[in-house]
Amino acid sequence: RKNLDNVELFKLEVLKNELAKVQAQKEEAAQADSTEEYQKAADLKTRECQLIEDIDKAIWYLEYAKECKLKWEKLK
C-alpha cells in the first residue's frame, strides 16, 4: 500500500512539473503576435486544463486512499 502511495505522489509531482512548463510556454506564446503562436497558446491552454484535472484526480485519489487506510486501521 505504501509503495502505491509513493507512486501516486511521484505521478502528482510529475504532473505539477509538467503543468508549470506548459503554463510558462503558454505565457510565452500569448505574448507573440502571430496567428500560429495564438493557436499554440490555445492548444497549451487545453493541455493546462487537462493537467489541472489530472492533478485534481491524483489529489482526490491520495486523499481517498488515506481515508480508507485510516478506516482500515480503526477496524483492526
Side-chain angles (χ1 to χ4, degrees):
R1 184 70 171 160
K2 190 163 184 102
N3 286 337
L4 183 58
D5 288 345
N6 289 340
V7 169
E8 291 302 317
L9 283 171
F10 176 75
K11 287 180 185 177
L12 181 59
E13 286 305 310
V14 169
L15 288 170
K16 286 180 177 181
N17 289 336
E18 185 175 350
L19 177 61
K21 289 177 188 175
V22 166
Q23 288 172 330
Q25 290 173 347
K26 182 189 75 172
E27 291 301 319
E28 187 177 309
Q31 301 299 322
D33 292 333
S34 70
T35 304
E36 293 83 16
E37 288 299 311
Y38 283 124
Q39 181 60 49
K40 182 179 177 182
D43 293 342
L44 288 166
K45 178 63 178 176
T46 301
R47 180 67 182 138
E48 176 186 36
C49 291
Q50 182 61 53
L51 286 167
I52 290 170
E53 187 176 319
D54 291 347
I55 288 168
D56 287 344
K57 286 178 185 177
I59 290 170
W60 178 87
Y61 173 82
L62 287 167
E63 289 173 352
Y64 179 74
K66 183 178 179 181
E67 184 179 318
C68 289
K69 186 177 179 181
L70 291 173
K71 286 180 181 179
W72 177 254
E73 290 299 318
K74 286 181 183 179
L75 292 174
K76 286 185 176 182

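On a predicted model such as this, the values are computed, not experimentally measured, just so you know.
Rounding to the nearest 0.5 Å places CG of Leu12 at 5.5 Å from CD1 of Ile59. To the nearest 0.5 Å, atom CZ of residue Arg47 and atom CD1 of residue Ile52 are 11.0 Å apart. Residue Lys11 holds its NZ atom at 14.0 Å from CD1 of Ile55, rounded to the nearest 0.5 Å. The distance from atom CD of Gln39 to atom CG of Leu44, rounded to the nearest 0.5 Å, is 10.0 Å.
Pairs engaging residues 30-50 under the ring pair (Phe, Tyr, Trp, His ring centres under 6.0 Å) rule: none recorded [sequence neighbours left out].
Between Glu67 and Lys71 a salt bridge is recorded (basic side-chain N to carboxylate O distance below 4.0 Å). In summary, Lys57 and Glu53 engage in a salt bridge, as defined by a charged side-chain N under 4.0 Å from a carboxylate O.
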Check step by step if salt bridge (Lys or Arg N to Asp or Glu O under 4.0 Å) holds for Glu63 and Lys66. CA-CA 5 Å; Glu63 289 173 352; Lys66 183 178 179 181; over 6 Å; no

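Partners of Asn17 under the side-chain hydrogen bond (donor to acceptor under 3.5 Å, both in side chains) rule, at least two apart in sequence or in another chain, do not exist in this structure.
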When the side chains of residues 19-32 are checked against the rest of the protein, which donor-acceptor pairs come out under 3.5 Å, sequence neighbours left out?
from	atom 1	to	atom 2	distance (Å)
Gln23	NE2	Glu48	OE2	2.9
Lys26	NZ	Glu48	OE1	2.9
Lys26	NZ	Glu48	OE2	3.4

